[in-house]
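Accompanying notes for the structure given below.
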Amino acid sequence: MTAHTTPAPVSPDQARIAPKPALRRFHQASWDEKLIFELGSPGERGVLVPEADPALPAPELPAALRRAEPPALPEMSQQQVLRHYLRLSQENLGADLNIDVGQGTCTMKYSPKVNDRFVRDPRIAALHPLQEEETVQGVLRIIHELEGLLKEISGMDRVSLQPGAGSAAIYTNVAMIRAYFAARGELEQRDEVITTIFSHPSNAACAKTAGFKVITLHPDADGYPDIEALKAAVGPRTAALLITNPEDTGIYNPRIEEFVRIVHEAGGLCSYDQANANGILGITRARDAGFDLCHFNLHKTFSTPHACGGPAAGACAVTADLAPYLPVPTVEFDGERYRLDDDRPESVGKMRPFYGVVPNLVRAYAWIMSLGADGLRAAAETAVLNNNYLLHKVRQIPGVEIPYAEGRPRVEQVRYSWRKLYEDTGVHSEDLGLRAADFGTHYWTSHHPYVVPEPMTLEPTESYTRADLDEYAAILAEVAREAYEEPETVRTAPHRSTVHRVRPEALDDPSTWAVSWRAYRRKILGEPS
Amino acid sequence: MTRPRVGLVVNPVAGLGGRVGLGGTDGPERPRRALELGAVPRASARAEEALAEIRARGCAPVIVTAPGAMGEEAARGAGLDVETVPAPRSGVPGPLGTTAEDTVAAVRAVVAAGVGLLLFAGGDGTARDVARALDGAPCVVLGVPTGVKMHSAVFAVGPRAAGEVAAARLGGAAPGVRDAEVMDRDEEALRAGRTASRLYGWLTVPDVPARVQQRKTGSASAAYDTSGGIAAELVGRAGDGLLVLGPGTTTRAVAAALGADASLAGVDVLDLRGGQAVVVAKDASEAEILARLDPARPCHVVVSPIGGQGFLLGRGNQQISPRVLRAAGGRGGLLVVCTEGKLAALQGRPLLVDTGDRALDAELTGHVRVVTGHRRISLYRTEA
């Protein structure tokens, strides 16, 4: 292997006086940990579950749902369980462990641990969605007040927290646009939705899923969303504009009000994808630019955890004209009591069972309330400052380019390109990310659609210190230097991780998928099912 | 397991004219003049760079090649095992003296010896010679770009990229192939004072969209079939009527989705009724197209941009003349089809038209609707 041998041993005295290296000598832990089903022994106990009190009322479990035999759960003491999961956590680059500003457009920010305490409080954790309304007034109040906060943040008249995630919220907005034109008898005529190539691709996907044709605008010669293309695209068939701003390149569309005006003049609606709202909180609002609808991702802008892709929570905000079409139920408050309203004849219906992802609604509520209006604006300003500081450092690294709107500032993220580095060295962006893992940091790639060659998208949010950003830029500079001077080191990375490269081919073959212990025994261990 | 065999044919004079401002090196005189002007041969070194990349990626194929500067030197320089095949030489004097006929003879000899992949180092002229030598014989080819202009779509983006694609193919990770355009400068147009490219043929190349983006775990593959979706969208726009179909893999696949067997390199006239099309004139000239048009029936011109370059009209499809375009209603009759990957590969550069008719070019510039799939359209800039 290359230059990553263990450093020569130093005496305790030397260690005390030697300066810390600029880059850490990271190595991931390797525990060779078994699966939890392979651990424990018969009779080992973690908790003693009390017998159910026959005096307590409980609905009878239907016979079809009852097991004939107890489930084959592992039997383990509490300490064994704790140790097992701590070890697994050390074999990951977890969100709380590393500087994960390289996670594409995901808006990785600190999720305050105190907010998890509220979620784990039995007054939240023990609730059941089928409880009577009178018994859940507290959580309905939290939801209602969170809706009020998001109304203020967006400038809109009405909010729904029913959708289960960002894309579910976009789909909800498209469904409301469809219902709006159907109610006017214009749906057959208005069958086109306009978006831009660097708006989040969920906008195009949701519009198409809902039955619209999708017109995608490409950037103009200056790299900005092309207003001439928009003028060429709008017409009597235009149903809506679905647009992200700033786009996923970090470029802010300075003509956004004009975009909205042009679409409105053609009779279409405008829906603002606020996936990138983290840089504009308290600075500008969807309503102020004339939009009719917008949506937020609570797991991005409002700090709730990403949790490996779920459960997320989305929020739709609309003007009064669109409010009749919001999903059911809505949370209503008559000044005394909160209730869920399912009786809304023009509603687009339910986007998911029950109402919202309550734990994440509680976290978002706590985050907003702890910051206040000034705090939200400070978070946005710090996120923009952090991004432009990192941009200043990264643009000095040989092999980096910043395509589109060249030389212009970015808002809260930047989509960089390693095209030049790849053409010079044959090293791909993905290789650089795997090498970055050798320095204990995360660099993944979420750059859909894949238009920028050899992309790298960094979004440093407000959570990271200047020292964090300096360290991250130093890692990128070092990995880029290696690509030019010792490309094999990068190409064969990672060298200091527990698992080497994952072979993605396995994901293409269902016969190798083992997403449960039972499937693992059958497919990998070859035991009869 | 038998070792993989990779063919290599180097055109030693390719690219000689670039630095010294002579342009291409077709014919015997220009290479000599280029050397007199101080040109340094680079084809062999760039071929060696590609082979070194194959080796660096852990592959050790046998390189089947022609003697000396036509491949053997590059293969030995890269430290790979070499099997030379005797190829007749035309005997042109000079240090690098080879001709187009030498390239053709070498390709035939190398392919006859049995190879799984043929690499060639050269430019558009060399690509034309390779296509001529193969004459439709099934062989997967990849160009190492060492020429002056490289209009053809058969080249990797650079020597290392060529090595990377070759290694991926040898490792079984690049299963797909596609037909790609062999282009070259149109000498007739040049004599008339215009620069233009012409479509000369097709070669089968590995389908690795390295120019755009490598495969990413968890992403949808870029190679999914969109021609059926484009065809459905086209039927919705064109209704029943005549289609003048330009050359290319995209238009041909769209025709196939409509049930018609269109030519790959020529312009065809199709009759579209009820979502099905039949070819009524294959590989038609301008006069034949005009003879087929019927003022009583709606007519649309269907073209797809040349990959990487963006030319819609005036390159490889001059049969679709200004008269044909006007007969189809000008801008309103033009239907552009393209995969999203091919549009992305333009990297923001505009689509181009060069019909030879300035007024028509002006009418066609601005923004054009490009059908990219079922219910998917891109608004894209067009310039003359």
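A note on names: the letters A, B, ... follow the listed sequences, proteins ahead of strands, and every chain is numbered from 1. A quick note: this is a predicted structure, and the numbers were derived from the prediction, not measured.
Taking 4.5 Å as the heavy-atom cut-off, none of the residues of residues 195-203 of chain A approach chain B.
Looking at A:A221, both its backbone and its side chain come within 4.5 Å of chain B, counting heavy atoms on both sides. For B:L346, no part lies under 4.5 angstrom from a heavy atom of chain A. Only the side chain of A:R491 has a heavy atom closer than 4.5 Å to any heavy atom of chain B. Contacts of B:R376 with chain A are made by both backbone and side-chain atoms, with heavy-atom separations under 4.5 Å.
Taking A:D220 as the reference, A:R255 meet the salt bridge (charged side-chain N to carboxylate O under 4.0 Å, His left out) condition, with sequence neighbours excluded.
By the 6.0 Å contact criterion, CD on A:E485 is enclosed, its count of non-hydrogen atoms from other residues, nucleotides or ligands being greater than 12. Counting heavy atoms of neighbouring residues, nucleotides and ligands inside a 6.0 Å radius, atom CZ of A:R408 does not exceed 12 of them. Shown here is B:R57, whose CZ atom has more than 12 heavy atoms of other residues, nucleotides or ligands within 6.0 Å. Atom CD of A:E265 has more than 12 heavy atoms from other residues, nucleotides or ligands within 6.0 Å.
In summary, B:R375 and A:E192 do not engage in a salt bridge, as defined by a charged side-chain N under 4.0 Å from a carboxylate O. Taking 4.0 Å as the cut-off between side-chain N and carboxylate O, B:E233 and A:K208 do not count as a salt-bridged pair.
Using modelled atom types, no side-chain atom of A:E423 and backbone atom of B:R160 make a donor-acceptor pair closer than 3.5 Å.
Residue B:L379 holds its CG atom at 7.5 Å from CD1 of A:I194, rounded to the nearest 0.5 Å. Rounding to the nearest 0.5 angstrom, the gap separating the CG atom in B:L343 from the OG1 atom in A:T216 is 9.5 Å.
Annotation: side chain of B:E164 is in contact with side chain of A:H428 (closest heavy-atom distance under 4.5 Å).
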> Is there a side chain to side chain donor-acceptor pair (under 3.5 Å) between A:Y404 and B:Q347 once you walk through the steps?
Replying inline: CA-CA 10 Å; A:Y404 300 103; B:Q347 290 299 306; 4.9 Å; no
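Considering only heavy-atom pairs separated by less than 4.5 Å from chain B, the leading option among A:L217, A:V214, A:L230 is A:V214.
A side-chain contact (heavy atoms from CB on, under 4.5 Å) with B:H367 holds for exactly one of A:K231, A:E228, A:H218; it is A:E228.
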